[in-house]
Amino acid sequence: MATNAPTTIPAEFAAPHLEDAYRRGWNHGHGIACHNVPTLGDKLFVEGMGRVTVDAENIREVHQSFCLTAESNSRSYSPFEFTANEFNSAESDEDGKHDPDKEGDSEALWEAFEAGTNDAIFADLETYTDSDYGIEPDSE
């Protein structure tokens with residue numbers, strides 16, 4: 001697994017402003033790769049591969065496809081737009097009418113999402129120490 005910081009900067013990006021852009025791109029790609037890891041046994045639709053069951057022979061190809069698709073989508077839509085559309089269309093068909101085949105209730109989905117977001121933020125914040133923020137202990 002790659003680290004969240006490049007170990008070297010390619011020479012063509014050595015200028016300070018280009019190095020910053022390269023590091024931002026690295027962080028963007030790192031986040032995509034870390035959050036799009038398929039699981040063995042998953043049955044998925046994969047761009048360019050169609051419907052597949054993830055196995056030891058195709059997992060790397062599936063992971064790469066997920067990453068490249070996610071990166072492309074991130075330039076067209078914010079990830080939040082996909083979530084918002086999914087939640088807002090819960091229990092509705094294309095015409096906005098109730099669809100009994102769709103699971104969920106839009107309001108309940110938003111409440112669950114907001115609770116999960118807040119719980120994750122506060123759980124992560126609890127793990128940070130002074131040294132994580134670069135605060136050195138008082139030496140008395």
Side-chain angles (χ1 to χ4, degrees):
M1 182 182 310
T3 64
N4 60 358
T7 55
T8 60
I9 305 295
E12 64 267 32
F13 305 119
H17 69 289
L18 295 178
E19 181 177 335
D20 179 61
Y22 181 85
R23 287 181 186 280
R24 289 178 189 211
W26 179 279
N27 290 337
H28 179 64
H30 176 69
I32 287 171
C34 289
H35 291 95
N36 286 281
V37 180
T39 302
L40 290 172
D42 280 353
K43 295 174 183 349
L44 308 164
F45 177 83
V46 180
E47 198 71 38
M49 295 175 71
R51 186 147 290 290
V52 299
T53 299
V54 179
D55 59 29
E57 294 177 13
N58 69 11
I59 195 166
R60 286 174 176 78
E61 185 179 1
V62 170
H63 192 190
Q64 177 179 315
S65 179
F66 275 7
C67 290
L68 296 176
T69 299
E71 200 288 323
S72 177
N73 286 343
S74 76
R75 292 172 185 248
S76 300
Y77 306 100
S78 77
F80 189 73
E81 287 178 279
F82 290 103
T83 301
N85 182 55
E86 179 183 341
F87 289 177
N88 290 337
S89 10
E91 291 193 15
S92 300
D93 62 15
E94 295 79 31
D95 299 323
K97 296 180 182 157
H98 179 73
D99 183 349
D101 294 330
K102 289 197 174 181
E103 292 183 24
D105 160 355
S106 184
E107 188 174 326
L109 291 169
W110 279 112
E111 288 173 13
F113 179 82
E114 290 167 3
T117 300
N118 288 331
D119 289 349
I121 289 170
F122 289 105
D124 280 0
L125 291 177
E126 285 179 14
T127 68
Y128 280 74
T129 64
D130 284 352
S131 63
D132 292 326
Y133 291 115
I135 300 170
E136 296 187 24
D138 290 334
S139 48
E140 293 182 21

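The figures that follow rest on heavy atoms only: side chains count, while hydrogens, waters and symmetry mates do not.
Here the shortest heavy-atom pairing between Phe66 and Asn36 reads CD2-O, 3.6 Å. Shown here for Leu40 and Ala56, the closest heavy-atom pair between the two residues is CD2-N, 3.6 Å. Heavy atoms only, all atoms of each residue included: Ala70 and Ile32 are closest at CB-CG2, 4.0 Å. Pairing each heavy atom of Tyr22 with each of Pro10, the nearest pair is CZ-CD, 3.5 Å. Of all heavy-atom pairs between Met49 and Asn58, the closest is CE-CB, 4.1 Å. A pairwise comparison of heavy atoms in Glu19 and Ala14 identifies OE1-O, 4.0 Å as the closest pair.
No donor-acceptor pair under 3.5 Å is formed between the side chain of Ser65 and the backbone N or O of Val62. Judged purely by atom type and a 3.5 angstrom limit, Ser106 uses its side chain to pair as donor or acceptor with the backbone of Phe87.
Rounded to the nearest 0.5 angstrom, Ile59 CD1 and Thr39 OG1 are separated by 7.0 Å. Atom CG in Asp119 sits 11.5 Å away from atom CD in Glu114 (nearest 0.5 Å). Residue Glu47 holds its CD atom at 11.0 Å from CG of Leu68, rounded to the nearest 0.5 Å.
When the side chains of ILVMFWY residues are joined at heavy-atom separations under 4.5 Å, either directly or via intervening members, Val37 and Val46 end up in two distinct hydrophobic clusters.
Between Arg51 and Phe45 the shortest side-chain heavy-atom distance falls below 4.5 Å.
Looking at residues two or more places apart in sequence or on another chain, you find a salt bridge (Lys or Arg N to Asp or Glu O under 4.0 Å) between Arg24 and Asp20. Applying the ring-ring contact (aromatic ring centres under 6.0 Å, His included) criterion to Phe80, with sequence neighbours excluded, gives Trp110, Phe113.
Under a cut-off of 6.0 angstrom, the local environment of CD in Glu107 is sparse, with at most 12 non-hydrogen atoms contributed by other residues, nucleotides or ligands.
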